[in-house]
Amino acid sequence: MKHKQTAASLGAGLARGIFPLLAALLFLALTEWVARGELTAETFAEYIRPHYKAYLLSWLLLVLIWAVVDAVTRLAPLATLAAGCAGLIPAAVNFYTLQLRGEPFLPWDLTQVEEAAGVAAAAGLKVQPSMVWSGCALLALTALSFFLYRRRGRLGLPARLAAIAASTAALLALVFGVYLQPAVTESLGIYPDAWMQDRYYRWYGVITGFMTNLTNLEIDEPEGYGEEAVNALLDDVEAAGKIETGPNFPGSYAANTDPAEIEKTPTILYVMDESYWDVSELEEYGVTFDTDVSPNLHALQQSSAYGRVYSPSFGGGTCDVEFEALTGYSVGFLPSGCKPYQQHVTRPMFALPSYLKSRGYQTAAVHCYYAKYWSRNTAYPNLGFDDFISLEDMRGVEKVRGYYWKGGLVTDQAMGEQIIREYEKLKAASDAPVFLHAVTMQNHTNYNAANYPDEQRVHVTSAPAGLKAGTVGALEDFATGVRDADALLGQLVSYFSGVDEPVILVFWGDHYNPIDSGYDVYTATGYAKADSTDPRLRQTTLLIWSNYSGQPVDLGTIAAYEISPVMMDLFGLEQPLYFRYLNRQLRYGYRSCTAGVTVDWDGKMHRGLTQRQAAWRQDHWLLQYDLMFGKGYALDRMGLVL
């Protein structure tokens with residue numbers, strides 16, 4: 001009898017000893033299933049087996065989380081629940097962030113919980129079967145641990161303290177001695193891939209991907225940074241300016257106007273339209289609509305500068321595009337997926353509005369959503385905006401698309417009225433020129449035909465085979481928003497054509513989105529691949545119009561961070577040295593270097609950089625670092641005090 005009790009006791013002890021190891025292994029498998037949406041033999045062969053050391057680290061992290069919680073609380077079910085949640089919750093978030101924006105769950109997303117929750121609630125996200133089964137497995141293992149550990153003996157205080165110390169030390173050693181040491185992780189075959197975070201997570205898994213990205217929270221100073229290096233670079237920019245090379249675009253207003261007659265202080269309007277791109281392009285790929293969705297755009301292209309903006313974002317990250325356009329800074333130099341408004345624009349810094357403000361401009365911004373969204377309420381003043389009109393300040397505005405968004409979204413037409421009203425208010429208060437920046441919301445994801453009454457919605461009259469009815473309905477919803485964005489463009493041009501002062505209007509879209517639940521619209525038509533990094537899904541529509549210039553200029557594709565330098569170049573406006581550098585980079589380096597894709601002057605695209613282009617990019621980072629994080633040596637050279 002005693003022998004049987006001893007055997008049973010040994011068996012129970014062995015089961016308790018291996019339980020956390022096996023539970024963590026199962027949680028790891030479930031984590032990858034949830035994060036990827038599938039877990040197949042191909043997934044194992046292509047991603048997991050070649051990078052097995054990364055997954056061993058993930059497994060060990062879950063084991064140690066279990067051990068620490070159990071040692072502290074002596075509650076095995078709580079330890080099991082904690083270890084499971086440590087993998088499954090980030091995995092679920094990762095799955096949805098990939099769906100919404102094409103990027104995985106990154107450490108700095110933790111600072112954006114409120115914004116993410118708002119988008120997720122409005123996006124109609126669906127619980128996946130993998131999440132249901134994983135939740136059931138987690139509950140089953142938690143219950144099993146209760147029965148398995150309920151009869152284990154008590155630990156004396158010294159032994160318990162030793163267990164706490166040992167498990168905690170092991171966990172900290174793993175985090176700080178392995179995950180946060182790039183030299184160590186690289187020795188294990190885990191190599192940084194900041195430009196392609198979705199691929200990085202596919203290779204190394206969501207847990208190791210997230211943990212190793214913690215090292216990217218710190219911004220490293222560029223090699224050779226200092227006052228001498230910044231001044232040498234700006235000396236070159238000034239020296240080049242003494243050689244008459246002319247504007248970058250020969251057909252522009254500046255290239256064809258006597259410098260003495262150029263308008264020096266026009267009103268400048270920026271309108272970044274949510275998710276805007278000319279969807280009528282799909283008509284070349286077998287889709288037809290029952291109306292012309294872009295009549296104003298197509299007409300204005302005959303007398304304006306037009307082209308495409310290479311966006312750093314897909315499916316979200318509006319503030320990244322906005323940040324680039326307003327500053328000339330590239331988010332490509334910052335940790336992938338970070339949101340500069342929340343993490344870096346925490347003090348006054350150089351940007352187009354702050355520069356224009358120093359030149360006597362009135363500066364204001366209008367956005368028809370909540371002021372704190374993407375922390376615009378704190379970022380805008382630091383960029384140089386004196387006034388900010390947000391949704392809280394708007395009364396009686398028309399809203400549509402209430403299927404996903406409770407209460408609906410402010411229409412582009414109502415935004416046009418707000419822009420005009422704000423402009424008139426500023427002009428009534430002062431004769432000073434105006435810089436007014438606006439961001440719309442009407443065509444925000446997600447899309448569903450139910451967002452508009454049938455008689456108001458643009459209809460698809462033909463589409464390639466294979467598109468399900470729900471996807472066609474989502475495309476109709478999106479196309480209706482594009483039609484209304486085009487109407488906003490016409491509304492603004494009509495009004496500002498009649499004012500008695502020179503006006504420049506810059507109108508562009510922030511990013512593409514999945515339409516319906518995936519990429520079917522793009523793949524079924526042949527428009528693009530089912531890949532958020534496809535360059536076709538990164539080039540939004542751009543138009544730069546003025547009421548005093550009628551020259552059409554084909555801009556090709558430019559980076560979002562080149563919008564302001566190009567605008568100033570087109571119209572011969574006085575440029576700060578930093579923008580003059582960017583215009584030189586545009587001409588001699590590349591048009592864009594965004595999301596790992598380089599666009600050359602001739603429009604050709606490739607991944608990577610030539611040696612010469614790499615030097616331009618390094619200089620760009622040197623100046624951007626100086627203005628964002630460094631000593632601000634370039635500010636003195638530009639005569640700016642912030």
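Along the sequence shown, residues carry numbers from 1. Keep in mind that the numbers below use all heavy atoms, side chains included, and drop hydrogens, waters and symmetry copies.
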Do T185 and Y204 meet the criterion of a side-chain donor-acceptor pair at a distance under 3.5 Å? no
Could you walk me through whether D626 and Y225 satisfy the side chain to side chain donor-acceptor pair (under 3.5 Å) test, starting with their C-alpha distance in whole Å, then the side-chain angles of each, then the deciding distance to 0.1 Å, before giving a yes or no? CA-CA 8 Å; D626 178 63; Y225 171 71; 2.6 Å; yes
Student check: side-chain heavy atoms of F507 and Y270 closer than 4.5 Å: no
Between W277 and F478, ring centroids under 6.0 Å: yes
Any side-chain heavy-atom pair of K529 and Y522 under 4.5 Å: no
Side chains of D510 and T318: is there a donor and an acceptor less than 3.5 Å apart? yes
Is any side-chain heavy atom of L326 less than 4.5 Å from a side-chain heavy atom of H437? yes
Rounding to 0.5 Å, atoms CE (M568) and CD1 (I504) come to a distance of 8.5 Å
Looking just at side-chain N and O atoms, do S390 and E392 make a donor-acceptor pair shorter than 3.5 Å? yes
Does the separation of the ring centres of Y329 and Y561 fall below 6.0 angstrom? no
Report the distance from atom CH2 of W621 to atom CD of E221, rounding to the nearest 0.5 Å. 10.0 Å
Can you confirm whether the side chains of Y403 and N446 place a donor and an acceptor under 3.5 Å from each other? no
Would you check if V397 and M415 make a side-chain contact, meaning some heavy-atom pair closer than 4.5 Å? no
Rounded to the nearest 0.5 Å, how far does CE of M567 lie from CG of L542? 11.5 Å
Any donor-acceptor pair under 3.5 Å from R401 side chain to H444 backbone: yes
Looking at every heavy atom in both L570 and A305, which two are closest together, and how far apart are they? CD1-CB, 3.7 Å
Rounded to the nearest 0.5 Å, what separates atom OG1 in T440 from atom OH in Y369? 13.5 Å
Do N583 and Q575 have side-chain N/O donor and acceptor atoms under 3.5 Å apart? yes
P340 vs D320 side-chain heavy atoms within contact, under 4.5 Å: yes
Compare all side-chain heavy atoms of H511 with those of E274 and state whether any distance is below 4.5 angstrom. yes
Do the non-hydrogen side-chain atoms of L623 and V230 ever get within less than 4.5 Å of each other? yes
Does D386 pair with K357 as a salt bridge, N-O distance under 4.0 Å? yes
On a heavy-atom basis, the closest approach of V439 and E322 is CG2-OE2, 3.5 Å
In the structure I gave you, are the side-chain heavy atoms of L352 and L356 within less than 4.5 Å of one another anywhere? yes
Take I544 and L555 through the test side chain to side chain contact (heavy atoms under 4.5 Å, CB included) and record every step on the way to the result. CA-CA 10 Å; I544 304 179; L555 299 174; 4.0 Å; yes
Could you check whether S294 and D486, counting side-chain N and O atoms only, form a donor-acceptor pair closer than 3.5 Å? no
Do N248 and R587 get their side chains close enough for a donor-acceptor pair, meaning under 3.5 Å? yes
For the pair N513 (side chain) and I515 (backbone), establish whether a donor and an acceptor sit closer than 3.5 Å, ignoring hydrogens and angles. no
Below 6.0 angstrom between ring centroids: does that apply to Y519 and F314? yes
Can you check side chain to side chain contact (heavy atoms under 4.5 Å, CB included) on V599 and Y310, steps first, answer last? CA-CA 9 Å; V599 183; Y310 205 102; 4.0 Å; yes
For the student: nearest non-hydrogen atoms of F385 and F435, plus distance: CE2-CE2, 3.7 Å
Counting N and O atoms only, with roles assigned by atom type, does the side chain of Q413 sit under 3.5 Å from a partner on the main chain of D484, one being a donor and the other an acceptor? no
Is it true that the side chains of S592 and T594 contain a donor and an acceptor less than 3.5 Å apart? yes
Where do M441 and V410 land on the side chain to side chain contact (heavy atoms under 4.5 Å, CB included) test, with the steps shown first? CA-CA 7 Å; M441 276 290 284; V410 175; 5.8 Å; no
With no hydrogens and no angle check, is any side-chain donor or acceptor of N94 less than 3.5 Å from a backbone partner on P104? no
No-hydrogen, no-angle side-chain donor-acceptor test under 3.5 Å, Y495 and Q491: no
Compute the ring centroids of H344 and F629, then answer whether they are less than 6.0 Å apart. yes
Side-chain donor or acceptor of T363 paired with backbone N/O of G384 under 3.5 Å: yes
Are the charged groups of K427 and E424 less than 4.0 angstrom apart, N to O? no
Which heavy atom in A364 sits nearest to a heavy atom in E422, and how many Å separate them? CB-OE2, 3.6 Å
So how far is it from M605 CE to R538 CZ, rounded to the nearest 0.5 Å? 12.0 Å
State whether a side-chain donor-acceptor pair under 3.5 Å links Q442 with T411. no
Taking the ring of W508 and the ring of Y306, is the distance between their centroids below 6.0 Å? no
Would you say the ring centers of Y380 and F388 fall short of 6.0 Å from each other? yes
Quick check: does any side chain N or O of Q539 sit under 3.5 Å from a backbone N or O of P535, one acting as donor and the other as acceptor? yes
Quick one: does any side-chain atom of D516 pair with a main-chain N or O of G518 as donor and acceptor, under 3.5 Å? no
Tell me if the aromatic rings of Y578 and Y355 count as close, with their centers under 6.0 Å from one another. no
May I ask you to check if R617 and F333 form a cation-pi contact, with NZ or CZ under 6.0 angstrom from the six-membered ring centre and within 45° of the axis? yes
Any sub-3.5 Å donor-acceptor pair from N382's side-chain atoms to T378's backbone N or O? yes
Measure across D387 and K425 and return the closest heavy-atom pair with its distance rounded to 0.1 Å. OD2-NZ, 3.1 Å
Go through it in stages, so that I can follow the logic: the residues are Y341 and Y373, the test is ring-ring contact (aromatic ring centres under 6.0 Å, His included), and I'd like the CA-CA distance, side-chain angles, deciding distance and then a yes or no. CA-CA 10 Å; Y341 277 5; Y373 202 65; over 10 Å; no
D278 and T541: side chain to side chain donor-acceptor pair (under 3.5 Å), yes or no, with the steps? CA-CA 6 Å; D278 183 10; T541 302; 5.6 Å; no
Check whether any side-chain N or O of S304 sits under 3.5 Å from a backbone N or O of W545 as a donor-acceptor pair, and report yes or no. no
Spacing of CG belonging to L635 relative to CE belonging to M349, to within rounding of 0.5 Å: 10.0 Å
Does either side chain, that of H620 or that of S330, offer a donor lying less than 3.5 Å from an acceptor on the other one? no
Looking at E281 and R308, does any basic side-chain N land under 4.0 Å from a carboxylate oxygen? yes
Answer yes or no: is there a donor N or O on one side and an acceptor on the other, between the side chain of R347 and the main chain of M628, under 3.5 Å? yes
Would you say the ring centers of F496 and Y423 fall short of 6.0 Å from each other? yes
Do the side-chain N and O atoms of T212 and Y200 include a donor-acceptor pair separated by under 3.5 angstrom? yes
Regarding D477 and N448, do their side chains bring together a donor and an acceptor under 3.5 Å, going by distance alone? no
